[in-house]
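These notes concern the structure reproduced below.
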Amino acid sequence: AFTRYIEPRYRDKAVHVVRNDRVDEQVRVGSRRVTFLADMELNFDTTLRPGSLREFLRSLASDDPKEAEAVQVPVDPAFVDREARLALMDSQGIESALLFPTLGVCVEHFMKADVEQTYANLRAFNRWLLEAWGFNHRDRIFAPPVISLLDVGEAVKDLDWVLANGARMITIRIGPARRRSPADPHFDAFWARANEAQLAVAYHAGDTGYNPMTSVFCAQETTPSSHSQSAFQWTNFYGDRPIMDTISALILHNLFGRFPNVKVLSVENGSLWVPYLMKVMDKMKGMGRGGPWLGGYVKGRPSEIFKEHVWVNPYHEEDHVYLASLLGA
């Protein structure tokens, strides 16, 4: 997805795989290892059996290799081929599906110091995604390309290209971009195009950079692999906190007041944070009424703006009925 589609001049900076003596595969960006995915670096000819998350997490703490092997299955054609996926969707009675990458939303953090490297790799990934899946396949499989806000000019170029190739949704990394709110007017040229296209923007769980930014103050490992994070890190630096920061920035920095046609989707971040964020934004809008309003004053209740512009993908074990009562189904 990266090495075959990247421009030749950036090949030495490509996301690539290195095999060790045990034939495990390590993902690297240039010469730097992508540590966030270390727990997931199985042979890419196999994958985790659907529904095996709890068994997989238990296997990480086990010395018995058979436990890890028990959750692995060969890659099914429907995992990697769009026509096989459509056939499986038909058999399951599924009308349409959103297709998100694992690797594709976890590598930007490891390249963010090099803007050219970042855009070269994400563009390579998007070329592969378009060829292998299509950004919109038969109005049934929607595979959102990944766009970085590291450089607004380059982001606009990428957005124009993916829209010209049929994209209805894009994926953006959770969290700030170059120490700016994603709703900072600095990015208005990008959001104006998204607004005109009535685009949906997905924020998928991944490496947001919160661990190196904050764990250093709490005597925690700053670059843990995804499933080797401490309970403290899971609670504070992954999932709820980054997506709350991002959604509240979009709302309280008035993105939707300026660009009312944009909608956003939270994917694989759960939903426990939703009722708290809705309540606290309504309260703190009043508390902060005398402060600055980046992007302009926010009209109306933030919770109502949330309902109008934000979709939430809950975890399977959460209370979907309660969430629907808050947001609508």
Side-chain angles (χ1 to χ4, degrees), residues 2 13 15-18 24-42 48 53-54 56-61 100-115 117-118 121-122 125 146-150 171-184 201-250 264 266-274 276-277 280 312-313 315:
F2 294 94
K13 293 186 174 185
V15 177
H16 63 285
V17 168
V18 175
D24 291 332
E25 295 171 329
Q26 294 182 0
V27 179
R28 295 185 184 178
V29 176
S31 60
R32 186 179 183 187
R33 186 178 180 187
V34 180
T35 54
F36 187 73
L37 296 170
D39 292 330
M40 306 298 291
E41 286 166 359
L42 310 170
L48 298 178
L53 178 60
R54 288 183 176 84
F56 168 69
L57 293 175
R58 283 196 296 267
S59 75
L60 295 179
F100 293 98
T102 297
L103 178 64
V105 295
C106 292
V107 294
E108 183 178 340
H109 167 66
F110 294 87
M111 301 183 286
K112 64 183 182 182
D114 188 330
V115 173
Q117 181 183 34
T118 298
N121 275 282
L122 296 186
F125 177 82
V146 182
I147 294 183
S148 171
L149 291 181
L150 279 178
T171 300
I172 295 179
R173 179 172 173 257
I174 294 172
R178 279 289 172 99
R179 301 194 179 195
R180 294 180 185 267
S181 161
D184 191 302
V201 178
Y203 289 96
H204 191 292
D207 194 335
T208 61
Y210 270 56
N211 267 317
M213 183 169 61
T214 51
S215 291
V216 66
F217 301 112
C218 308
Q220 301 282 292
E221 166 61 46
T222 57
T223 57
S225 57
S226 58
H227 289 86
S228 296
Q229 298 176 101
S230 69
F232 180 79
Q233 289 172 317
W234 278 107
T235 300
N236 293 285
F237 310 139
Y238 187 81
D240 294 13
R241 169 73 182 280
I243 193 63
M244 283 197 297
D245 287 0
T246 301
I247 299 297
S248 61
L250 296 177
V264 301
S266 168
V267 185
E268 207 173 315
N269 298 296
S271 64
L272 294 177
W273 51 274
V274 172
Y276 169 76
L277 184 62
V280 76
V312 176
N313 157 225
Y315 291 135

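Start at 1 with the first residue, then count along the sequence. Note that this is a predicted model, so its numbers are computed, not measured.
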Answer yes or no: is there a donor N or O on one side and an acceptor on the other, between the side chain of Arg173 and the main chain of Asp207, under 3.5 Å? yes
Compare all side-chain heavy atoms of Thr35 with those of Phe110 and state whether any distance is below 4.5 angstrom. yes
Looking at every heavy atom in both Ala183 and Ala249, which two are closest together, and how far apart are they? CB-O, 3.6 Å
Sidechain-backbone polar pair: Ser266 side chain, Val312 backbone, donor-acceptor under 3.5 Å: no
Output for pair (Ile174 CD1, Asn269 CG), nearest 0.5 Å, gives 4.0 Å
Walk me through whether Phe100 and Val105 qualify under side chain to side chain contact (heavy atoms under 4.5 Å, CB included). CA-CA 8 Å; Phe100 293 98; Val105 295; 5.7 Å; no
From Leu272 CG over to Asp240 CG, what is the distance, rounded to the nearest 0.5 angstrom? 6.0 Å
For residues Ala205 and Tyr238, report the shortest heavy-atom separation together with the two atoms involved. CB-OH, 3.7 Å
Side-chain donor or acceptor of Ser228 paired with backbone N/O of Pro224 under 3.5 Å: no
Distance-minimising heavy-atom pair for Val15 and Phe2: O-CB, 3.3 Å
Is there a side-chain contact between Glu108 and Leu150 (heavy atoms, below 4.5 Å)? yes
In chain order, what residues pass the side chain to side chain donor-acceptor pair (under 3.5 Å) check against Ser59, with sequence neighbours excluded? none
Evaluate the ring planes of Phe232 and Phe237, with Trp represented by its six-membered ring, and classify them as parallel (under 30°), tilted (30 to 60°) or perpendicular (over 60°). perpendicular
Judged by atom type as modelled, is there a donor-acceptor pair below 3.5 Å linking the side chain of Asn211 to the main-chain atoms of Thr223? no
Just wondering, are more than 12 heavy atoms of other shown residues or ligands nearer than 6.0 Å to OH in Tyr276? no
Locate the shortest heavy-atom distance separating Val115 from Arg178; write the atom from each residue and the value. CG2-NH2, 2.9 Å
Inter-residue atom distance Gln233.CD - Glu221.CD, 0.5 Å rounding: 7.5 Å
N/O donor-acceptor pair under 3.5 Å between Tyr315 side chain and Glu268 backbone: yes
Please test Val107 against Asn121 for side chain to side chain contact (heavy atoms under 4.5 Å, CB included), starting from the C-alpha separation and ending with a verdict. CA-CA 9 Å; Val107 294; Asn121 275 282; 6.0 Å; no
Rounded at 0.5 Å granularity, tell me how far CZ in Arg241 sits from OG1 in Thr235. 12.0 Å
Using 0.5 Å steps for rounding, measure from the CZ atom of Phe36 to the OG1 atom of Thr208. 7.5 Å
Give the minimum heavy-atom separation between Gly175 and Pro182, together with the two atoms involved. O-CD, 4.2 Å
Within the structure provided, determine whether Ile247 and Leu277 are in side-chain contact (heavy-atom separation under 4.5 Å). yes
Inter-residue atom distance Leu53.CG - Arg58.CZ, 0.5 Å rounding: 10.0 Å
Do Tyr210 and Asp245 have side chains that get closer than 4.5 Å, going by heavy atoms? yes
How close do Ala202 and Val267 get, heavy atom to heavy atom, and via which atoms? CB-CG2, 4.3 Å
